[in-house]
Amino acid sequence: IIAILSRYDDLIEVNSKRIKLLEQIAENLYKEWFVRFRFPGHKEAEFENGLPKEWRIKRLSDYGKIETGKTPSMERAENYGDKYLFIKTPDMHDNLFVLETEEKLSEIGHSTQPKKLLPPNSIMVSCIGTGGVVAINADYGHTNQQINSIIVDNPNYLEWLFFTCKGLKTTIEMFGATGSTMTNCSKGKFEKLKIIEPTEALKIAFHNVVNPLLLQIKQLQYT
């Protein structure tokens with residue numbers, strides 16, 4: 001038994017290293033293309049006011065519905081069960097994809113807030129307390145009120161928008177400053193956050209390169 005457990009520990013360690021490496025590769029490519037502007041064709045691109053001429057300033061709300069989570073009454077035990085992920089910030093830490101959660105909601109719990117249900121591959125961003133933690137839900141689920149999520153309109157934008165949101169940590173902390181030590185970036189503030197949008201061709205090219213890496217990460221997380 002000890003030998004078997006030891007092999008599992010070794011496998012987990014190897015998988016963790018592979019996940020970290022794959023995510024780093026994807027994030028480095030994001031920074032190379034969209035932060036340092038060394039994207040394919042950058043040598044021929046025209047720049048204006050420090051940005052490639054065809055790029056635009058957009059808001060997060062331009063990319064999908066923004067949903068703020070909610071906690072069903074904890075006084076009703078029947079709200080909690082084993083059907084729907086109930087995602088809180090600790091579930092997101094060090095997880096690109098959230099596969100499991102400490103708590104889950106029952107069908108009854110879901111029915112108290114059905115419009116809050118997130119489809120898979122929504123981008124979740126913590127905006128209260130520890131701001132700027134970002135993850136993607138692997139299955140249908142709800143979040144608590146500390147998290148704002150983007151239900152992404154175009155699945156081809158998922159990878160680019162995920163790393164864009166990761167880069168907003170300092171902005172979220174600044175916009176969410178309330179004079180106390182706790183970040184509180186409301187839905188209204190979150191959906192109005194401005195980001196730089198590259199061309200459609202670049203977003204699609206990034207998706208084509210990075211999507212296979214994220215799928216590998218998800219598979220390794222399941223292992």
Side-chain angles (χ1 to χ4, degrees), residues 23 27 30 57-77 79-106 108-153 157-196 214 221:
E23 185 172 355
E27 189 163 10
Y30 172 86
I57 303 297
K58 292 289 195 72
R59 298 183 187 275
L60 287 181
S61 57
D62 292 324
Y63 298 97
K65 180 183 177 184
I66 308 296
E67 192 63 73
T68 303
K70 185 179 179 182
T71 300
S73 174
M74 301 185 73
E75 295 179 358
R76 298 184 61 192
N79 285 335
Y80 295 84
D82 60 3
K83 185 161 187 181
Y84 296 96
L85 298 174
F86 183 51
I87 302 158
K88 294 172 278 190
T89 304
D91 298 311
M92 297 162 60
H93 281 296
D94 299 320
N95 287 317
L96 197 157
F97 290 96
V98 175
L99 311 180
E100 286 293 335
T101 51
E102 184 178 352
E103 288 187 294
K104 289 187 177 180
L105 300 186
S106 64
I108 294 173
H110 159 67
S111 69
T112 67
Q113 49 188 46
K115 294 182 179 179
K116 299 288 185 182
L117 183 67
L118 299 177
N121 291 332
S122 298
I123 298 173
M124 306 171 295
V125 184
S126 64
C127 290
I128 296 179
T130 304
V133 180
V134 186
I136 299 169
N137 58 315
D139 201 352
Y140 286 94
H142 292 259
T143 74
N144 69 2
Q145 59 276 11
Q146 294 183 323
I147 298 167
N148 287 312
S149 301
I150 308 171
I151 301 174
V152 184
D153 286 338
Y157 297 173
L158 177 67
E159 298 80 13
W160 164 75
L161 194 56
F162 170 80
F163 287 108
T164 297
C165 287
K166 283 194 70 174
L168 290 174
K169 180 174 176 62
T170 301
T171 303
I172 289 170
E173 291 173 339
M174 180 180 68
F175 274 76
T178 59
S180 66
T181 57
M182 185 175 76
T183 297
N184 189 343
C185 184
S186 67
K187 176 182 177 181
K189 290 180 180 179
F190 179 77
E191 63 188 5
K192 293 177 182 177
L193 291 180
K194 294 180 179 180
I195 61 174
I196 299 170
L214 264 60
Q221 283 189 238

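Here salt bridge (charged side-chain N to carboxylate O under 4.0 Å, His left out) pairs that include residues 121-145, with residues two or more places apart or in two chains, number zero. For residues 108-138, the ring pair (Phe, Tyr, Trp, His ring centres under 6.0 Å) pairs, not counting sequence neighbours, are Tyr84-His110, His110-His142.
Within the 4.5 Å cutoff, the side chain of Cys165 has heavy atoms near those of the Leu60 side chain. At a threshold of 4.5 Å between non-hydrogen side-chain atoms, the residues Leu161 and Ile195 count as touching. Put simply, the side chain of Thr183 does not reach to within 4.5 Å of the side chain of Thr130, judged on heavy atoms. Between Leu105 and Tyr80 the shortest side-chain heavy-atom distance falls below 4.5 Å. When side chains are defined from C-beta on, Phe190 counts as touching Ile150, because their heavy atoms get closer than 4.5 Å.
Every side-chain hydrogen bond (donor to acceptor under 3.5 Å, both in side chains) that Thr68 has, sequence neighbours left out, goes to Asn148. Residues that satisfy the side-chain hydrogen bond (donor to acceptor under 3.5 Å, both in side chains) test with Ser122, not counting sequence neighbours, are absent from this structure. The side chain to side chain contact (heavy atoms under 4.5 Å, CB included) search around Ser126 returns Thr89, Val133, not counting sequence neighbours. By the side chain to side chain contact (heavy atoms under 4.5 Å, CB included) test, Asn121 is found to be paired with Phe97, Ile136, Leu158, Lys218, residues two or more places apart in sequence or in another chain being considered. Under the rule for a salt bridge (charged side-chain N to carboxylate O under 4.0 Å, His left out), the partners of Arg76 that lie at least two apart in sequence or sit in another chain are Glu78. Lys70 pairs by the side-chain hydrogen bond (donor to acceptor under 3.5 Å, both in side chains) definition with nothing, not counting sequence neighbours. Tyr63 pairs by the ring-ring contact (aromatic ring centres under 6.0 Å, His included) definition with Trp160, not counting sequence neighbours. Judged as a side-chain hydrogen bond (donor to acceptor under 3.5 Å, both in side chains), and not counting sequence neighbours, the contacts of Glu67 are Lys65, Lys116. The side chain to side chain contact (heavy atoms under 4.5 Å, CB included) check on Asn95 picks up Gln221, with sequence neighbours excluded. Annotation: side chain to side chain contact (heavy atoms under 4.5 Å, CB included) contacts of Glu159 (sequence neighbours excluded): Phe206, His207, Val210, Asn211, Leu214.
Taking OH of Tyr140 as the start and CG of Leu85 as the end, the distance is 12.0 Å to the nearest 0.5 Å. With rounding to the nearest 0.5 angstrom, the CD1 atom of Ile147 is 9.5 Å from the CD1 atom of Ile128. To the nearest 0.5 Å, the span separating CD1 on Ile57 from CG on Asp62 amounts to 11.5 Å. For the atom pair NZ of Lys187 and OG of Ser61, the computed distance is 10.0 Å after rounding to the nearest 0.5 Å. If you take NZ on Lys166 and CD on Glu27, they are separated by 4.0 Å, rounding to the nearest 0.5 Å. Here Thr143 contributes atom OG1 and Ile87 contributes atom CD1; the two are 7.0 Å apart, rounded to the nearest 0.5 Å.
A donor-acceptor distance shorter than 3.5 angstrom exists from the side chain of Asp91 to the backbone of Glu102, with no hydrogens or angles considered. Within the 3.5 Å criterion, the main-chain N or O of Phe86 finds no donor-acceptor partner in the side chain of Asn144.
A side chain to side chain contact (heavy atoms under 4.5 Å, CB included) with Thr112 is found for exactly one of Pro72, Ser73, Ser106, namely Pro72. Exactly one of Gln145, Glu103, Gln146 qualifies for a side-chain hydrogen bond (donor to acceptor under 3.5 Å, both in side chains) with Lys88. That residue is Glu103.
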Let's go through Leu96 and Phe162 carefully: what are the C-alpha distance in whole Å and the side-chain angles of both, what is the deciding distance for side-chain contact (heavy atoms from CB on, under 4.5 Å) to 0.1 Å, and is it a yes or a no?
CA-CA 9 Å; Leu96 197 157; Phe162 170 80; 3.7 Å; yes
Give the C-alpha distance, both sets of side-chain angles, the deciding distance and a yes or no for side-chain contact (heavy atoms from CB on, under 4.5 Å) between Thr164 and Tyr30.
CA-CA 8 Å; Thr164 297; Tyr30 172 86; 2.9 Å; yes
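Listed here is the closest heavy atom pair of Asn137 and Pro119: ND2-O, 2.9 Å. Of all heavy-atom pairs spanning Gly132 and Val125, the tightest one is CA-CG1, 4.3 Å. Of all the heavy atoms in Pro120 and Ala138, the pair that sits closest is CB-O, 3.8 Å. Considering every non-hydrogen atom in both Gly131 and Ile172, the closest pair reads CA-CG2, 4.3 Å.
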